[in-house]
Amino acid sequence: MIKRITLIFMTALISMSSLVIPTNAEETRPWMNTKLSAEERTELLLDAMTMEQKIQQIAISRFNENDKGDTVVIKRGGTSKYMNGEFAPQGTLPGCEWQDTGRQIRGIEELGIPTIRMTNGGTGVKGGSCGNDPIATGLPSTLAMAATFDRGLNYEAGRILGEETRAFAHHVLLGPGMNLVRHPYNGRNYEYFSEDPYLTGTLATEQVKGIQEQGVQAQLKHLAGNEQETERWTMGVQVPSKAMNELYMLPFEMTVKNADPASVMCSFPDVNGTFACDSSELLQDALRDKWGFDGYVMSDRRAIHDTVKAIKAGTNVELDWAPQYYTQEKIQEALDSGQVTEDDIDNLLRPRYIKMIEYGHMDEPYDKFMPEIVDPMANGASARKMAEEGAVLLKNDNGFLPLNGEPKSIALIGVEWFAGEAKMSPRSVRDNNENVEAPYTVTPKEGLENVIKELGYDTKVTYNDGRDPEAAAKLAAESDVVLLMVGDNPHETADRDTLGFPAIDLNKNPDKENWVEQEPLIDAVLKDNAEKTTVVLKTSGTVLMPWLDKVPAVLQAWFPGMEDGNAVANLLYGKVNPSGKLPMTFGATEREAAFATEEQYPGTRQDTGKPGGPGPYGNGSDQLIAKYTEGLEMGYRWYEANDVKPLFPFGYGLSYTTFQYDDLKVKKVRGEGKGNNGSLSGIDVSFSVTNTGDVAGKEAAQVYLTLPDEAGQPTKRLVNFEKFYLEPGESKQVTVRINQADANHPFSYFVPEDPDNLANWADGEWATADGKYRVHVGGSSADTPLEKDVPLNFKLSKDDSKDKGNGNTGNNENNGNTGNNKNNGNKENNGNHGKQEKHKNYGNHGKQWNQRSQGNQWNQVHLWNQRNQWSQVHLWNQQNRWSQVNLWNHRNQWKPWNQWNQLLMVGHWAM
């Protein structure tokens, strides 16, 4: 069998090599021939490169792109070349000032390879290859975007980010961030979407589509286990296999399959015993083999720990101020010792060059800034709408809100960060309030006065910055209405140290001489006029509210962005009806759910033999290990499973109107087949929602699913949602489809091959249970008034079972099996379903091979397909190493050579 496979390959390669004749291409640089495919061009380029050039292209460089001819000298102290250096100008982007951190890969002019620039993303374009940040839209925090429960608004956020990245002459946007909100202490929760994998994956997919349709590469981050900032460079996580696959990996899997992202950033943590950027389980077994990812992987800064392991795992680019592991010396040493080969280096470059060519980045120079392509006012209007629809009304006793013209005086009270200026997401690793350079901002006072004027009211707004709690309390007591705006100050590299309201340092110099305490301010104001106070929260997530019963209204505004003032005022006055829903559960204590114990968060020290402690290289302490002992019981799943009532549940959000849910129907959906013989492919869930109040508004209806008992799930899971607008008295019939082939595996659960072996967490299969499923529909995870049981059996019909290898079964991972019959197509090899669409299974002509593999009769060949033991052949199939064959077979570009397909048919080989 091996000889026959080799013969087929060699025959095809010899035959096809004669066809590679560039037409109308530059004779000296044939890889610049745009008539060739991206794969063909990449192979020609790799053949022309020296090893020194290849090594330079897999790491970040620091250099001055300004055309002024100035050399930059950095002397931070000491003798470390890592932080010090002398950098001559390159001049490829006039006006690009020196950026010390380095977010670019230096081009090679003689080869036609352009410099690739990268900028940070998420809530606005800032922190790129140039030190002079562009004028960019200050979007709401990502949690606010998730709280919209709106796919279209998240696509628009991506469009803005992509457009403004392109205007900044940058090629790659480092985002979106997709780690789950496992606990509320994480210093970067404001960059992430939610605690739920489906909500995260769905909205991240929309943002990636919006970014990439502007000709900019998106980079998903941080894969994986990056749920805290405490000792982030050295810490480790121990995540059970089921939780790893069903929760923390799932948003990435969904977005890879549904949005085709160009790149992924591997994370800092030591994940189940191997650092993420050195992990073949993470970057090969899961990301490429199972999900079909065909882009490139870049490390987080200082996240690589072993040169050879990172190369073999497929970390394509090292991000750092200067390369630490992908240096000329270390890679040459690995080459000389035979630990890596030139093919390994080519494998690092190949997917990135293919993406560059596909996006036009190899051919269209980004050699100037283009602010003229951005409409800042239109983007600002979109940012306002996002802030409005993401804000969550948590409490509104007796219709205290919306405000009207009766109050003649409003006391606006709060620290400058939250009440005196627009609160944008922090873009800093320090406590200072460094933000996106927005074209304009709207302060809370300006926003209130805008709405008051527009509505024709006679109300005076007086602002107090909270420095003197007694003065603030006096103003509150004298006012008809009090708006108390309070928040937190999270940032990268550190977690929150309280779920209360911290003191805020208003001085950007690190002298801590200009701090304002918030807790005494809250106590003083509520003591004098709590009954007329609306608290507006501008936080990164959960906060403790011991005073909740004292105030009539609470609005969670998150970090609203540059249109803060207008958005919040529109909500408070009812110009916009609140419709946001919580993307995370708000707990009631400092320790509960997935952060109940120190072992869970931030972790305990273990002697693992690896350095621990703070800083990039630790301080000699034992390694800090966070154990995800809660398993699947994270977020709302923990509260439901343990019958604990949170302060506010996931998916919760009030409105100025009310909605009634009725008439739940569940219809089975079948795939192709004769009559009713088609296999069950999913369900349609139909229900009606009526606006039973007096105000028009939007509702985000949520559909949850409880799996049969054998799935071992702690509770129901979110599987779909839809947001819609209703006039007073209006009803809407809503139908959402839940497909078994959906990338979130809505009807399935993960069966680990060895549940007790964390190191092999990626080994296993998705199984689909047959039995009674329960559908839940409602306005939050804790409020699902519509429930219906439905028996489902996803086993294939006799008609469909004849064609198990045709790649059309999508994510029908176990072909209906319960997961116990592990030999029935071992590890998702049931016809190589689903992943052919992205991982080049080339029409799957080898049905007979798949049927025999289904029975596990050809174990050696099956092992090749599953265990990657014949790595050269595997690399061809997974890494596109022999792209000429790949191209011909997958893209059908050399149509006359149909004999190749016939050969594959004869060989019964599922490519």
Side-chain angles (χ1 to χ4, degrees), residues 144 147-148 384-385 387-414 418-419 423 444-445 447-463 476 479-487 522 525-526 529-539 543 545 547-558 560 563-582 586 647-648 652-659 691-700 725-726 728 779-780:
T148 67
R384 184 189 69 247
K385 185 174 179 61
E388 290 168 348
E389 296 213 17
V392 182
L393 185 60
L394 297 177
K395 183 178 181 181
N396 190 28
D397 286 353
N398 302 316
F400 186 82
L401 296 175
L403 301 174
N404 54 33
E406 275 188 34
K408 300 304 177 186
S409 60
I410 292 178
L412 173 61
I413 299 173
F418 311 114
K423 179 55 186 167
K445 188 171 187 288
L448 289 166
E449 290 174 343
N450 289 342
V451 174
I452 289 169
K453 180 179 179 180
E454 181 181 347
L455 297 176
Y457 296 154
D458 181 21
T459 306
K460 181 180 180 182
V461 179
T462 303
Y463 172 57
S479 302
D480 297 330
V481 169
V482 179
L483 298 177
L484 179 59
M485 297 188 177
V486 290
I522 296 170
V525 169
L526 297 187
N529 203 354
E531 65 277 7
K532 293 183 180 179
T533 296
T534 292
V535 178
V536 178
L537 300 175
K538 296 183 179 178
T539 71
V543 283
M545 293 175 267
W547 37 259
L548 183 61
D549 291 340
K550 299 179 181 179
V551 299
V554 178
L555 178 71
Q556 171 58 272
W558 314 101
E563 278 274 352
D564 178 335
N566 285 334
V568 172
N570 287 344
L571 291 159
L572 293 173
Y573 271 93
K575 278 192 64 185
V576 175
N577 192 346
S579 62
K581 300 279 191 172
L582 286 181
F586 273 34
L647 197 61
F648 298 109
Y652 169 89
L654 299 175
S655 169
Y656 294 148
T657 189
T658 53
F659 299 97
N691 183 343
T692 54
D694 300 325
V695 181
K698 291 185 176 181
E699 171 69 345
Y725 174 88
L726 293 174
S780 80

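At least one side-chain heavy atom of P444 sits less than 4.5 Å from a side-chain heavy atom of L412. Side chains of L537 and V392 form no contact here, defined as non-hydrogen atoms less than 4.5 Å apart. Using a 4.5 Å heavy-atom cutoff, the side chains of K423 and P560 are in contact. Inter-residue side-chain proximity for Y457 and V451 is flagged as unmet; no heavy-atom pair is nearer than 4.5 Å. Annotation: side chain of W547 is not in contact with side chain of V525 (no heavy-atom distance under 4.5 Å). Side-chain contact between T459 and L403 is absent, with no heavy atoms from C-beta onward closer than 4.5 Å. Looking only at side-chain heavy atoms (C-beta outward), V535 and M545 stay at 4.5 Å or farther from each other. When side chains are defined from C-beta on, L555 counts as touching L572, because their heavy atoms get closer than 4.5 Å.
Using a distance-only test at 3.5 Å, with no hydrogens or angles considered, a donor-acceptor pair links the side chain of T692 to the main chain of T658. At distances below 3.5 Å, at least one donor-acceptor pair connects side-chain atoms of K538 with backbone N or O atoms of F418. N570 places no side-chain N or O within 3.5 Å of a backbone atom of V576 that could act as its donor or acceptor partner. Of the possible polar contacts, none joining the S479 side chain to the I410 backbone as a donor-acceptor pair under 3.5 Å is found. A donor-acceptor distance shorter than 3.5 angstrom exists from the side chain of W558 to the backbone of G390, with no hydrogens or angles considered. No donor-acceptor pair closer than 3.5 Å links the side chain of N396 to the backbone N or O of A553. K395 contributes a side-chain N or O that, together with a main-chain N or O of L548, makes up a donor-acceptor pair within less than 3.5 Å.
Closest heavy-atom contact between A476 and I413: CB-CD1, 4.0 Å. The two residues G697 and N691 come nearest to each other via the heavy atoms N-ND2, 3.9 Å. Contact record, Y652 with L393: CE2-O, 4.1 Å, taken as the closest heavy-atom pair. The two residues Y656 and L571 make their nearest non-hydrogen contact at OH-O, 2.8 Å. Heavy-atom minimum distance, P552 versus A530: CD-O, 3.4 Å. Nearest heavy-atom pair, V551 versus T533, reported as atom, atom and distance to 0.1 Å: CB-O, 3.6 Å.
Note on residues 398-409: no pairs pass salt bridge (charged side-chain N to carboxylate O under 4.0 Å, His left out), not counting sequence neighbours.
The OG atom of S409 lies 10.5 Å from the CG atom of D458; values are rounded to the nearest 0.5 Å. To the nearest 0.5 Å, atom CG of residue L526 and atom CD of residue E531 are 10.0 Å apart. The distance from the CD atom of E388 to the NZ atom of K575 is 8.0 Å, given to the nearest 0.5 Å. Atom-to-atom distance recorded for L401:CG and N404:CG is 10.5 Å, nearest 0.5 angstrom. Separating the CE atom in M485 from the OG1 atom in T534 is a distance of 9.5 Å, to the nearest 0.5 Å.
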Applying side chain to side chain contact (heavy atoms under 4.5 Å, CB included), run through K698 and N577 and close with a yes or a no. CA-CA 8 Å; K698 291 185 176 181; N577 192 346; over 6 Å; no
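Ring pair F648/F586 is perpendicular by interplanar angle, where above 60° counts as perpendicular and below 30° as parallel.
Residues forming a salt bridge (Lys or Arg N to Asp or Glu O under 4.0 Å) with E699 (at least two apart in sequence, or on another chain): K581.
Between E449 and K453, no side-chain nitrogen of the basic residue sits less than 4.0 Å from a carboxylate oxygen of the acidic one, so the salt-bridge criterion is not met.
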